[in-house]
Every structure is written in C-alpha cells, then in structure tokens.
Amino acid sequence: MRKKREGMWLCPSCGRENLGRFNACEEGCGNPRPKSVEFYLPEDSPIVTDPRLLAGANSGQDWYCDHCTGANPGAKGGHPLVACAHCAEPRTQADEAHPRSRASVSATLRTAQQASAAKRAQKNDASALRRAERIERATLTNGGSDRPVKRRLRAILAFGIGAILLAGIAALVVSMITPAQSVPGKIASLDWQRSIAVDRMTTSRKTGWDVPAGGREINRDWRYKTTRQIFVETRETGAVCGHEDLGNGYFEDIPCTEAVYRSEDVSDWFYTFEVDTLDQVRVARTSGTTPDVYWPNVRTGHHERIGMKSEAYRAQISRDDGQTDLRSFDFSTWRTLAPGQSVSVTLNSWGKTIGVKIGKDLE
C-alpha cells in the first residue's frame with residue numbers, strides 16, 4: 001500500500017489555510033469549499049497513519065453537489081455517499097468529482113507560506129502581480145538592461161546577412177546575363193595514356209562469426225561471443241519521485257522505480273574459413289605524344305587475369321590572350337587533332353573555359 005499524506009487548501013474568501021479533509025473553511029470564515037479550490041502538499045506533510053484519516057484518504061474523489069455546490073466525500077463509513085450531506089439531494093451524473101492529478105516532487109511540495117503568499121498577492125493586488133510578471137518576462141527575454149544593445153546587434157547582423165545575400169544574387173544575375181566570349185587559339189601539343197591492370201586470385205585463411213558467400217569452412221568451435229542484458233522486472237527503489245492528488249484533500253506517494261536486468265552469456269559458432277579474393281597486383285601503362293596509340297602488351301601468370309582498362313587523351317591549347325588550357329577529349333575527337341590546328345575557346349563571364357570548337361564547328 002502506497003503511503004498517504006494530507007494536503008491543504010486555501011479559502012478563496014478569507015485566505016485561511018485548511019486541512020485537506022475539511023469541506024468548509026474550518027479555520028476562518030466557515031464558507032463551503034468551492035470546486036475551484038486546488039489542493040497542495042506542504043513540504044513537511046507527515047505520512048498519514050491514523051485509521052480514520054486513512055479511511056478518508058481511501059474514500060475516493062470528493063464530489064460537488066450540482067444543487068447546492070456543497071463538497072462531499074466519495075464514501076463514508078466504507079460506503080459510497082449517494083446523497084449530498086448538505087441538502088440531501090441524490091447524487092447524479094451532473095455532480096462533478098474533484099479531479100485527480102500526478103506531479104513530480106518539485107511540482108507538488110510547496111510550503112504553506114508560499115501558497116498563502118501567492119494567493120494573498122493574487123487577491124489583494126492583481127494588477128501589481130501582472131505588472132511584475134511582465135517585468136520578469138521582459139527581463140528573461142531581453143536580458144534586462146542589455147535590451148537596446150542586443151537589439152542593435154541583431155539589426156547589424158541581419159543587415160550584414162542581407163548584404164551578403166544580395167551580393168551573391170547580383171553576381172549570379174550578372175553571370176547569367178553576361179554572354180560567353182570566344183578566344184582564338186591553337187593546339188600546342190597532344191598526349192595520351194593507356195593502362196591495363198592485372199588482378200590475381202589469392203586464397204587467404206580468415207576467422208569470424210560468419211562465413212561469407214564463396215568462403216569455404218575449414219573448422220568451427222562453440223565459444224563465448226557477448227553478454228546480453230535481459231529484463232527481469234521493475235521494482236521500487238524506496239525513494240519518492242512524485243505525488244498523486246487523490247481529489248479528496250489527500251496525496252499518495254509515487255515511488256521511484258528502476259528496471260532490473262540479469263546478465264546472460266551468449267555463445268555462438270566461431271569459424272575458420274578460406275576465401276578467394278581478386279587483388280590488383282600491377283598496372284601496365286603506355287603513353288606518347290604522337291597519333292600512334294596502342295595498348296600495353298600484358299602477360300598474365302598463374303591465377304592472374306586482365307583487370308580494369310583506362311585511357312586518357314589530352315590537348316594543350318595556347319590561346320591568343322596568352323593563357324593555356326589542358327583539355328581532355330574522347331578518342332574519336334582527339335584523333336582528328338594536330339599540333340598547330342586552329343581552335344576557338346569559349347569562356348564564361350568568370351573567364352573559365354567551358355568549351356572548345358574544332359574543325360567544322362569554327363565555320
């Protein structure tokens with residue numbers, strides 16, 4: 001059974017504190033407890049042990065008579081209260097029950113002095129309280145006296161970012177509307193390169209928890225692999241993590257809980273296996289500056305085979321503006337080029353080469 005504690009409530013009529021069990025302001029004006037009242041739990045509230053008080057704590061939520069608005073306990077003498085104790089009207093669905101709620105320790109444990117001061121300030125000087133809240137919000141939001149400085153800094157930062165964005169957009173627009181220009185040039189030199197990789201199939205011995213596709217198992221043994229945590233139960237730690245407002249002036253401790261796990265060793269098959277891998281062992285290359293292009297002569301040995309082939313064809317272009325460009329071409333275009341051949345180099349607005357016109361394209 002979870003431990004119970006008696007709460008308090010403040011009379012909205014006279015501001016006096018009353019024990020949670022009271023349905024009227026017994027400590028002050030005697031007015032009935034309205035349903036708008038909220039129960040709170042003083043920090044030093046003791047655990048309830050008196051059987052009579054425990055019966056009240058376990059009586060269920062209080063309810064408010066829709067006829068006379070009087071507060072009534074959920075049960076009396078162990079039996080549900082079916083009629084209003086004030087006006088004797090039978091209880092109906094229209095009679096509202098006091099709500100139950102849960103909260104953490106920090107949210108529910110308040111001292112009686114704090115609760116009383118808050119209520120008195122709210123009742124006696126509501127405008128001053130609203131003013132204080134506005135000042136507090138302004139201080140937290142704007143850093144107090146730093147507000148004008150921070151506002152200026154934000155304005156400067158926004159202006160700087162805007163200026164950078166505008167400059168970028170302007171540069172982009174200029175590059176889009178500025179037409180490309182053509183600069184005459186000539187082929188200064190040609191070069192080419194071809195290469196063929198040689199791969200070798202090698203067999204290596206490896207170990208692991210799985211045999212990969214294509215691997216050949218040599219042996220296996222059953223061994224420890226890891227330790228896993230298995231959930232057992234959730235148990236209470238003995239500490240209090242919160243309180244539940246039972247809706248009748250009493251609160252119930254909500255215990256802290258923790259998950260309990262047990263460790264279990266996990267074993268599995270551990271394999272020794274062979275696997276074939278294809279690795280590059282060498283690359284044969286040929287290159288030149290003449291149109292005589294050929295592949296390297298490659299000989300493969302035991303467990304070797306021809307691998308990846310690659311080729312590159314380039315031309316050095318001297319432009320009439322004194323600049324040079326090194327451009328790559330596909331083989332069919334490159335074989336039509338010759339040193340001294342006239343070309344036209346196309347430049348974008350930034351002076352970067354974006355194309356080369358050759359032969360009939362120059363017409």
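Owing to the predicted nature of the structure, the values given are computational and were not obtained by experimental measurement. Position 1 is the first residue of the sequence; numbering continues from there.
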| query | For the residue pair Phe329 and Trp192, is the inter-centroid distance of their aromatic rings smaller than 6.0 Å? | reply | no
| message | Is the distance from the ring center of Trp269 to that of Trp209 below 6.0 Å? | response | no
Is there a path of hydrophobic side-chain contacts, each under 4.5 Å between heavy atoms, that joins [X] and [Y]?
| X | Y | value |
| --- | --- | --- |
| Leu347 | Val343 | yes |
| Leu19 | Tyr40 | yes |
| Ile187 | Val356 | yes |
| Ile169 | Ile161 | no |
| Tyr313 | Ile196 | no |

Check this for me: [X], atom [atom1], are more than 12 non-hydrogen atoms of other residues, nucleotides or ligands nearer than 6.0 Å?
| X | atom1 | answer |
| --- | --- | --- |
| Met201 | CE | yes |
| Arg305 | CZ | no |
| Arg100 | CZ | yes |
| Phe231 | CZ | yes |
| Glu258 | CD | yes |
| Arg223 | CZ | yes |
| Arg91 | CZ | yes |

Ignoring hydrogens, what is the shortest heavy-atom contact between [X] and [Y]? Give both atom names and the distance.
| X | Y | answer |
| --- | --- | --- |
| Val232 | Tyr261 | CG2-C, 4.0 Å |
| Glu304 | Arg299 | OE1-O, 4.2 Å |
| Pro12 | Val37 | CD-CG2, 4.0 Å |
| Tyr224 | Thr227 | OH-OG1, 2.6 Å |
| Pro73 | Asp62 | CA-OD1, 3.4 Å |

| Test salt bridge (charged side-chain N to carboxylate O under 4.0 Å, His left out) applied to Asp325 and Arg327, step by step | CA-CA 6 Å; Asp325 286 319; Arg327 303 288 293 178; over 6 Å; no
| task | Supply the atom-to-atom distance Thr207 OG1 to Phe273 CZ, rounded to the nearest 0.5 angstrom. | result | 6.5 Å
| If you round to the nearest 0.5 Å, how far is CG of Leu246 from NE2 of His98? | 10.5 Å
So do the side chains of [X] and [Y] get within less than 4.5 Å of each other, counting heavy atoms only?
| X | Y | answer |
| --- | --- | --- |
| Asp253 | His243 | yes |
| Thr237 | Thr257 | no |
| Thr203 | Val275 | no |
| Cys25 | Ser13 | no |
| Trp334 | Glu311 | no |

| Salt bridge flag under 4.0 Å for residues Arg21 and Glu26 | no
| field | From CA spacing to verdict: side chain to side chain donor-acceptor pair (under 3.5 Å), Ser310, Ser195 | value | CA-CA 5 Å; Ser310 64; Ser195 63; 2.4 Å; yes
| Step-by-step side chain to side chain donor-acceptor pair (under 3.5 Å) determination, Glu6 to Ser45 | CA-CA 7 Å; Glu6 187 171 11; Ser45 179; over 6 Å; no
| What residues, two or more places apart in sequence or in another chain, satisfy salt bridge (charged side-chain N to carboxylate O under 4.0 Å, His left out) together with Glu217? | Arg220
| query | Stepwise, does the side-chain contact (heavy atoms from CB on, under 4.5 Å) test hold for Cys11 with Asn18? | reply | CA-CA 7 Å; Cys11 177; Asn18 291 271; 4.0 Å; yes
| task | May I ask you to check whether Gln181 and Thr346 show a side-chain donor-acceptor distance below 3.5 Å? | result | no
| request: Kindly determine whether Asp276 and Thr202 satisfy side chain to side chain donor-acceptor pair (under 3.5 Å), including the steps that lead there. | output: CA-CA 6 Å; Asp276 296 331; Thr202 58; over 6 Å; no
| task | Establish, for the pair Arg33 and Phe39, whether the NZ or CZ atom is under 6.0 angstrom from the six-membered ring centre and no further than 45 degrees off its axis. | result | no
